[in-house]
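Working notes for the structure below.
The sequence lines fix the lettering, A, B, ..., with proteins before strands; numbering per chain opens at 1.
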2 protein chains.
Amino acid sequence: MKNYELVLHRVEADLAAGRLRIGGRLPGERTLAEQLGISRPSVREAVRVLEAMGVVRTATGSGPEAGAVIVAEPVSPLTAVLRLHLATNHLPMSDVVQTRILLESWSAREAAGRAPGLDAAELKVADDLLDRMDADGLSPEEFHLLDAEFHVALSGLAGNVLIAAVMASLRSAIHGYVLAAVPNLPDWEAMAVTLRGEHRAIVAAIRAGEPESAAELVTAHIRGFYQAAQLQTP
Amino acid sequence: MKNYELVLHRVEADLAAGRLRIGGRLPGERTLAEQLGISRPSVREAVRVLEAMGVVRTATGSGPEAGAVIVAEPVSPLTAVLRLHLATNHLPMSDVVQTRILLESWSAREAAGRAPGLDAAELKVADDLLDRMDADGLSPEEFHLLDAEFHVALSGLAGNVLIAAVMASLRSAIHGYVLAAVPNLPDWEAMAVTLRGEHRAIVAAIRAGEPESAAELVTAHIRGFYQAAQLQTP
DNA sequence: GCTATGCTGTGGTCCGACCACACGATCAGG
DNA sequence: CCTGATCGTGTGGTCGGACCACAGCATAGC
């Protein structure tokens, strides 16, 4: 067992046992090193891994925000894993897109199924994003960033934090890919108009509590864009 | 920008540009440190992160297997992220189970849809696993390990490496949870018989090319177990 | 020709030091 | 008494250097 793994196991056990909670802080690196009988560099390697896993956030200085604070940020590690493995070319982008369609259509169906419920505030967030996307003079970059935010917000309506986190990371990883394909579109302005209309229709279907309609609209929405941009669709 | 991030960006760029390939090796830690003008501890922190992300595998000694070898192992990092975030209690197990049902039912539907195709070898793997699960005297531990392998193999039939990887990590993270619930079952032996039969039926539906049937069988199979074990089901 | 022995380069670990930073206590001035 | 600047202290960030264990390979000896 490598020394830095001692720290990882210790932290995971402390988390599971409730000795460490979100918002709490890890002991200082020097303290941790002494407690476990290892050196500070070994502790630091472990803290780096925890940071990459989205479990701690480190900052210098003093005060409540300084040190290694326990957080729960699953999106960034998932994004990093996705990006790195896409870079190795052992993870086809088409699989990522296919996964996106699956998760988003499911989320829309689920959200519509619980429509009478508590989504009012979150639906408002989605509406606001759509309003901002109506602004004139948005660059493709800005538009697609808002688009990504909208889709992530949609997936959050289903109430499954794991699926929402995976969706957010998928969308981050896809973003560059989408932007690179914009020049393939014969008429980006026209496409933007189409996308805006489809967005409104999706939200309307969810609000109306029509699961199957919402799911189909989402699927068609995503597929349509990828086909228009001449990207491979699964 | 922290120094170790220099290494991460460098490696990601090298991967994307094809300068680093699976099976290749990272430059030595000392070399990398000199090239980037940073210290070896900083390089080591980055290598640890890459290792945690499933992109490199380190080993001491010399020869082709030593050093930091580029690999593509997405399952272990996903499992680690899942385990850690489950430990923080900010990721409900019910969401994990719900995700599992979604991915597995989709995989079964997809696999059945492409049944006439090339799955022969992979279907055989699933069959072999089921044969091994028929052995007498299997402990719940052994049985559920084989069960997990079977479900992961099933999700691989759909041909989406991302979904297969996520499923494998979900199953790893769930395993302890499932085992802890076995004592809740009124009659584990009877449950094992039921599960075996359902497994066979699922494979049969896929082989017969019946997507909807396969998906429903999988959903019922998973839901049935969780309900019998008195675990919360979404 | 075969075996044993070192040599070499790899990661693994540690130590000690210094820096930048941010908070909070302390002290000087009003 | 209040307000302000100042310094102390503890945090992570970085560095250089050193030594170890390990595995393969070249070499010397048989």
Side-chain angles (χ1 to χ4, degrees), chain A residues 1-11 14-15 19-71 73 76-77 80, chain B residues 1-11 14-15 19-71 73 76-77 80:
Chain A
M1 162 106 53
K2 291 168 186 167
N3 278 353
Y4 82 101
E5 293 178 330
L6 290 175
V7 184
L8 295 183
H9 289 143
R10 150 85 179 259
V11 171
D14 283 355
L15 282 173
R19 289 185 294 269
L20 284 177
R21 297 162 183 279
I22 310 276
R25 286 172 43 180
L26 237 53
E29 296 177 352
R30 296 163 179 86
T31 308
L32 218 39
E34 194 181 358
Q35 284 180 4
L36 295 172
I38 61 182
S39 71
R40 196 179 155 208
S42 296
V43 171
R44 284 184 61 75
E45 291 177 11
V47 173
R48 279 283 183 263
V49 171
L50 291 171
E51 195 175 18
M53 294 292 193
V55 171
V56 308
R57 167 176 48 78
T58 63
T60 63
S62 70
E65 293 304 306
V69 181
I70 312 288
V71 297
E73 222 293 88
S76 52
Chain B
M1 162 110 48
K2 291 169 188 167
N3 279 351
Y4 83 101
E5 293 178 330
L6 291 175
V7 183
L8 295 183
H9 289 144
R10 150 86 179 259
V11 170
D14 284 354
L15 282 173
R19 289 186 292 271
L20 283 177
R21 297 160 183 281
I22 310 274
R25 286 173 40 182
L26 238 54
E29 296 178 352
R30 296 162 179 85
T31 308
L32 218 39
E34 194 181 359
Q35 285 180 4
L36 295 172
I38 60 182
S39 70
R40 197 179 155 210
S42 297
V43 172
R44 284 183 61 74
E45 290 178 12
V47 172
R48 279 282 184 264
V49 171
L50 290 172
E51 195 175 19
M53 294 291 193
V55 170
V56 308
R57 167 176 48 78
T58 63
T60 61
S62 70
E65 292 304 306
V69 181
I70 313 287
V71 297
E73 222 293 273
S76 51

Between Pro41(A) and Gly67(A), just flag the one whose closest nucleotide in DNA chain D comes earlier from the 5' side.
-> Gly67(A)
Comparing Thr60(A) with Ala66(B), nearest DNA chain C nucleotide closer to 5' gives the residue Ala66(B)
Starting at the 5' end of DNA chain C, which residue's closest nucleotide do you reach first, Pro64(A) or Arg30(B)?
-> Arg30(B)
Taking atom CD of Glu34(B) as the centre, report whether more than 12 heavy atoms of other residues, nucleotides or ligands fall under 6.0 Å from it.
-> no
Contact boundaries of DNA chain D with chain A (under 4.0 Å, heavy atoms), 5' to 3'?
-> dG10(D) to dT14(D)
Taking atom [atom2] of [N] as reference, at what distance in whole Å does atom [atom1] of [X] sit?
X	N	atom1	atom2	value
Glu5(A)	dG12(C)	CD	C1'	12 Å
Arg40(B)	dC14(C)	CZ	P	13 Å
Arg44(A)	dT13(C)	CZ	C1'	15 Å
Glu65(B)	dT10(C)	CD	C1'	13 Å
Glu29(A)	dC14(C)	CD	C1'	15 Å

Looking across every strand, which nucleic acid part, if any, lies under 4.0 Å from Arg48(A) by heavy atom: base, sugar-phosphate, or nothing?
-> sugar-phosphate
For Gly61(B), which contact category applies under a 4.0 Å heavy-atom criterion: base, sugar-phosphate, or nothing?
-> base
So which heavy atom on Arg10(A) is nearest to which on Pro27(A), and how close?
-> NH2-CG, 4.4 Å
Taking all non-hydrogen atoms of both residues into account, name the closest pair between Arg40(A) and Ala33(A) and its distance.
-> N-CB, 3.8 Å
Under 4.0 angstrom between Ser42(A) side-chain N/O and dC14(C) OP1 or OP2 = yes
Would you tell me if any nitrogen or oxygen in the side chain of Asn3(A) comes within less than 4.0 Å of OP1 or OP2 on dC14(C)?
-> yes
Measure the spacing between CG of Leu20(B) and CD1 of Ile70(B) and express it to the nearest 0.5 Å.
-> 4.5 Å
Sole candidate of Arg19(A), Arg21(A), His9(A) that passes side chain to side chain donor-acceptor pair (under 3.5 Å) when paired with Asp14(A) = Arg19(A)
Below 3.5 Å, can you tabulate the donor-acceptor pairs from side chains in residues 46-54 of chain A to any protein atom, sequence neighbours excluded?
from     : atom 1 : to       : atom 2 : distance (Å)
Arg48(A) : NE     : Glu45(B) : OE1    : 2.7
Arg48(A) : NH1    : Glu51(A) : OE1    : 3.1
Arg48(A) : NH2    : Glu45(B) : OE1    : 3.3
Glu51(A) : OE2    : Thr58(A) : OG1    : 3.0

When you look at Arg57(B) and Glu73(B), which way does the side-chain contact (heavy atoms from CB on, under 4.5 Å) test go after all the steps?
-> CA-CA 9 Å; Arg57(B) 167 176 48 78; Glu73(B) 222 293 273; over 6 Å; no
